[in-house]
2 protein chains.
Amino acid sequence: MSQRPQTSPKALTEVEDRFIAQWGEISALWGVNRTVGRIHALLYLSRQPLDMETITKRLQISHGNCSTSIRDLLAWNSIRRVHVPGERRVLYESEQDPWTWFHACIRERRRREVVPVVDAMHEITDHAKLSADAADAAGSPEAGDLHDAFERIARFAKFMDEFQDLIDAFLAVGAGPLGKALRTVAKFVPKAR
Amino acid sequence: MSQRPQTSPKALTEVEDRFIAQWGEISALWGVNRTVGRIHALLYLSRQPLDMETITKRLQISHGNCSTSIRDLLAWNSIRRVHVPGERRVLYESEQDPWTWFHACIRERRRREVVPVVDAMHEITDHAKLSADAADAAGSPEAGDLHDAFERIARFAKFMDEFQDLIDAFLAVGAGPLGKALRTVAKFVPKAR
DNA sequence: CGGTATTGTCAGTAAAGACTGACAAGTCAA
DNA sequence: TTGACTTGTCAGTCTTTACTGACAATACCG
């Protein structure tokens, strides 16, 4: 409980803190909890796997929060459990190649968010088509508007399909050598504007 | 003020509502306010530009909320103001091509979020390098750890640079014919897994 | 210009999301 | 198995974000 003086100004801690804070901001920006991002950053920087107590002390968070955040990171395949023989505590480590990590994130996001949304769009499109045709058959005055709505909805559904194709193409070339080559090419594409 | 009965069950309204709700969810998923997404969806579906009162009634939101959301949509270049001569009210309409809209979104996101973050990463990398070299010069025991941290941070900064190149390449091919051709190609890239 | 219809702003409030800490459940050495 | 240590869960609380509605500012008509 007593206030111990800092053992040293700790240049290392300061460097790490900046990076951790920044990664937290980036995460928040992309819809990921800030704390989740900070833990990930800490593990990415660490030379060896860390246990929960070390993480909670370093980032000043409760172990409940830490436990939940780690569950998230595991679900996103951003970190791995490490078991050390003769050690009760569970340790965690992060993937060290950012592109491999990013690739895993995109795959997960595709699975959770893109696929369900694409499916929902198809259902909505089908429903719109049925409504429009039914209005035709009934000679309803809405028929024209319904066909128009169907066309706009179908156009958006097609966009979503193509968007998913783009993601699939990215996942196919992946974090490996082909992906690396393409990213090198990207560097030399003449900029717009 | 009196309760008028619905004029009809309105198949059109139901079709629109489904699409609007879904777009709202998609928006929320990508860090955009749900209401902002719903207004955008409504304008995308509408055959003619709409004024604020129509939007507030249709989506059951306050005009304050609507005003703020429309400001956001304008800032994202997702909708346009339309002035009709001899009409006091301002009308709004949405871009009708989803890829053109998406392109504008990405450009804006790059400007607001990617560029500042890439810059911050460079600063952090420089700072880490300076600290590591200073520790070397001082013969500090932290020197090894600092060089290690610098390497990891630099690796991530490089990833961010490449990520930005990828976005720039996308923006360069754009929503035009070249982009369309590439999206067609994407469709036939063999899938991973 | 004065009057009115429309839009913008923002303080206060409501809703959603994140965090803590107490307790439960699980794990492992002895 | 027991007992100590570690991790998981979740009700309650705190923080952040979204929304409403009253008032202010603006634009346009006659």
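Residue numbers begin at 1 in each chain, while the letters A, B, ... track the order of the sequences.
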Give me the atom names and distance for the closest heavy-atom approach of [X] to [Y].
X	Y	value
B:S94	B:H40	OG-NE2, 3.5 Å
A:N33	A:T35	OD1-N, 2.7 Å
A:N77	A:E108	ND2-OE1, 4.1 Å

Base C:dG21 paired with A:H63 side chain (donor-acceptor, <3.5 Å): no
Cation-aromatic face contact B:R155/A:W99, 6.0 Å, 45 degrees: no
A:W76 six-ring face occupied by A:R112 cation (under 6.0 Å, within 45°): yes
Side chain proximity check, B:D17 to B:R58, heavy atoms < 4.5 angstrom: yes
Validation row: B:S27, B:R34 side chains within 4.5 angstrom (heavy atoms): no
DNA chain C-proximal residues of residues 27-55 of chain B, any heavy atom under 4.0 Å: B:M52
Of B:N65 and A:N65, the one whose closest DNA chain C nucleotide lies more 5': B:N65
Nucleic acid contacts of residues 70-90 of chain B, taken as heavy-atom distances under 4.0 Å to DNA chain D: B:G86, B:R88
Close aromatic pair by centroid cut-off 6.0 Å: B:W101 and B:Y44: no
